[in-house]
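Each chain gets a letter, A, B and so on, in the order the sequences are listed, and its residues count up from 1.
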Amino acid sequence: MARKAAGRPPEETLSLWKREQALLKTLVVDRDTEAWQRDPAFSGLQRVGGVDVSFVKGDSVSACASLVVLSYPELEVMYEDCRMVSLTAPYVSGFLAFREVPFLVDAVQQLREKEPRLMPQVLFVDGNGVLHHRGFGVACHLGVLTDLPCIGVAKKLLQVDGLENNALHKEKIRLLQGGGDSFPLMGGSGTVLGMALKSHDHSTKPLYVSVGHKMSLEAAVRLTHGCCKFRIPEPVRQADIRSRDYIRRTLGVQGAPALRPERSKKAQRPKACPQGASEEPAGSPSLRAFSAKDGNEPHQKKWPKLQQRIWGRGKEALWEVEAKDAIFSFLQDLVTKCNSIHQGGAGHPPQ
DNA sequence: GCGACAG
DNA sequence: ATCTTGTCGC
């Protein structure tokens with residue numbers, strides 16, 4: 001059952017959130033902490049992770065949170081975890097982490113318990129790191145809570161600290177030559193908050209890379225480029241594809257009211273596969289995958305009409321919603337510790 | 001009223 | 001975040 005969008009939280013909540021961001025921000029490490037990060041070829045790096053949250057259309061509560069782990073440098077999927085979740089917090093610019101991060105921490109913790117050998121050595125996060133209103137975006141937040149190196153990768157420039165997507169900025173973008181080229185994003189204070197990166201030769205729009213945790217900006221940019229088969233780094237792209245696919249499968253399998261009889265064979269939707277069996281069309285030559293419009297992303301497979309009809313009216317949630325009722329003890333300890341350090345903090349237990 | 005607005 | 005539709009180049 002679809003739930004309505006939550007409204008904007010009261011100022012009191014935003015104050016608590018700001019406070020929590022300030023506390024956790026003191027724990028961010030913005031330099032390389034691992035040996036592989038300093039190696040020119042990243043030797044020693046074997047697993048890169050990506051996380052994403054995809055939403056059900058017309059339902060601001062139901063979503064699919066996904067964590068994938070890819071081999072490096074092959075970038076083949078070794079692990080995939082998708083699960084439906086019920087989001088509690090609304091989206092507020094500057095507070096994205098409070099909406100999404102609990103479920104991502106959850107996914108990392110599951111992996112830690114079930115397949116510790118597959119734990120990624122670095123996590124790509126959809127969103128910003130220190131390039132943020134208060135220097136603590138979702139990539140920092142996830143990094144601190146999981147203690148994993150994290151890289152923030154945003155698709156749009158967050159206009160903060162004097163940074164503007166103005167004519168000068170656009171000109172700098174235009175001057176980027178080939179994949180891997182970048183320019184610094186300097187805030188008003190003179191600090192470099194991130195880099196605009198042309199992620200591959202045919203990409204028009206840059207990526208906005210910033211430090212999340214336990215990694216230097218230089219290494220973050222270099223590794224991001226090394227993980228891009230298309231504009232979006234492969235770990236994030238796979239997490240996105242698979243979480244969206246998971247939602248489609250779930251709706252398609254359970255929520256198929258007979259809307260109309262099939263007319264053509266090619267309108268048939270492929271059989272839903274149980275778990276992560278879907279793969280890219282392996283036979284597609286790399287160059288054919290570029291679209292003229294954006295010059296980067298391959299076209300998504302279009303779903304047949306029947307599926308679109310169901311999708312368009314997908315107001316009903318047809319899965320069992322998982323109750324999220326527990327907080328990880330290490331997270332509790334962390335926040336408590338922060339509160340005691342910054343005395344007087346009646347910081348709220350995150351929920 | 002206008003502009004901004006990670007996901 | 002989400003969806004749509006068509007168009008271009010190889």
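Non-hydrogen atoms lying under 4.0 Å from DNA chain B are contributed by nothing in residues 164-182 of chain A.
A cation-pi arrangement is present between A/Arg222 and A/Phe42 under the rule of less than 6.0 angstrom and at most 45 degrees off the ring axis.
Applying the salt bridge (Lys or Arg N to Asp or Glu O under 4.0 Å) test to residues at least two apart or on different chains, the pairs with a partner in residues 148-171 of chain A are A/Asp126-A/Lys155, A/Glu171-A/Arg174. Listed by first and then second residue, the salt bridge (Lys or Arg N to Asp or Glu O under 4.0 Å) pairs that reach into residues 29-55 of chain A come to none, sequence neighbours excluded. Within the structure, ring-ring contact (aromatic ring centres under 6.0 Å, His included) pairs that include any residue of residues 203-229 of chain A comprise A/His169-A/Tyr208 (at least two apart or interchain).
When heavy atoms are screened at a 4.0 angstrom cut-off, A/Val138 is found touching base atoms of the nucleic acid. Within 4.0 Å of A/Gly152, counting heavy atoms only, lies no atom of the nucleic acid at all. Within the 4.0 angstrom heavy-atom criterion, base atoms lie near A/Asn128.
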| query | Where each pair must be Watson-Crick or G-U wobble with both distances under 3.5 Å, what dot-bracket representation of DNA chain C is obtained, with crossing pairs in [ ] and other-strand partners as |? | reply | ..........

| Nucleotide-level pairing of DNA chain B, given in dot-bracket where Watson-Crick and G-U pairs need both distances under 3.5 Å and | marks other strands | .......

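Close approach of DNA chain B to chain A, defined as any atom under 4.0 Å from a non-hydrogen atom of the protein, starts and stops at B/dA4 to B/dG7.
Atom OG1 of A/Thr13 sits about 10.0 Å away from atom CZ of A/Phe95, to the nearest 0.5 Å.
Between A/Arg244 and C/dA1 there is no side-chain polar atom (N or O) within less than 4.0 angstrom of OP1 or OP2. An OP1 or OP2 oxygen of C/dA1 is reached within less than 4.0 angstrom by no side-chain nitrogen or oxygen of A/Ser60. Between A/Lys156 and C/dA1, a side-chain N or O to OP1/OP2 separation shorter than 4.0 Å is absent.
Between A/Tyr246 atom OH and C/dT2 atom P the separation is 17 Å, expressed in whole Å. When rounded to the nearest whole Å, the span between CG of A/Asp59 and C1' of C/dA1 equals 12 Å. Per the geometry, CD belonging to A/Glu100 stands 10 Å off P belonging to C/dT2, to the nearest Å.
In this structure A/Gln21 satisfies the side chain to side chain donor-acceptor pair (under 3.5 Å) test together with A/Arg134, sequence neighbours excluded. With sequence neighbours excluded, the residues that form a side chain to side chain contact (heavy atoms under 4.5 Å, CB included) with A/Leu168 are A/Asn166, A/Lys172. Under the side chain to side chain donor-acceptor pair (under 3.5 Å) criterion, A/Ser243 pairs with A/Ser54, not counting sequence neighbours. Residues satisfying the side chain to side chain contact (heavy atoms under 4.5 Å, CB included) test with A/Leu217, not counting sequence neighbours, are A/Val192, A/Met195, A/Val211, A/Val221.
Of all non-hydrogen atoms in A/Leu148 and A/Pro120, the two that sit nearest each other are CD2-O, 3.5 Å.
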List the atom pairs, with distances to 0.1 Å, where a side-chain N or O of residues 176-186 of chain A and a protein N or O form a donor-acceptor pair under 3.5 Å, not counting sequence neighbours.
residue  : atom : partner  : partner atom : Å
A/Asp181 : OD2  : A/Gln177 : N            : 2.8
A/Asp181 : OD2  : A/Gly178 : N            : 3.0

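Aromatic ring pairs are classed by plane angle as parallel below 30°, tilted from 30° to 60° and perpendicular above 60°; the pair A/Phe98 and A/Trp17 is parallel.
Nucleotides C/dT2 and B/dC5 have their C1' atoms positioned 16 Å apart, rounded to a whole Å.
The pair A/Asp81-A/Arg83 meets the salt-bridge criterion, since a charged nitrogen lies less than 4.0 angstrom from a carboxylate oxygen.
Between A/Gln121 and A/Val48, every side-chain heavy-atom pair lies at or beyond the 4.5 Å cut-off.
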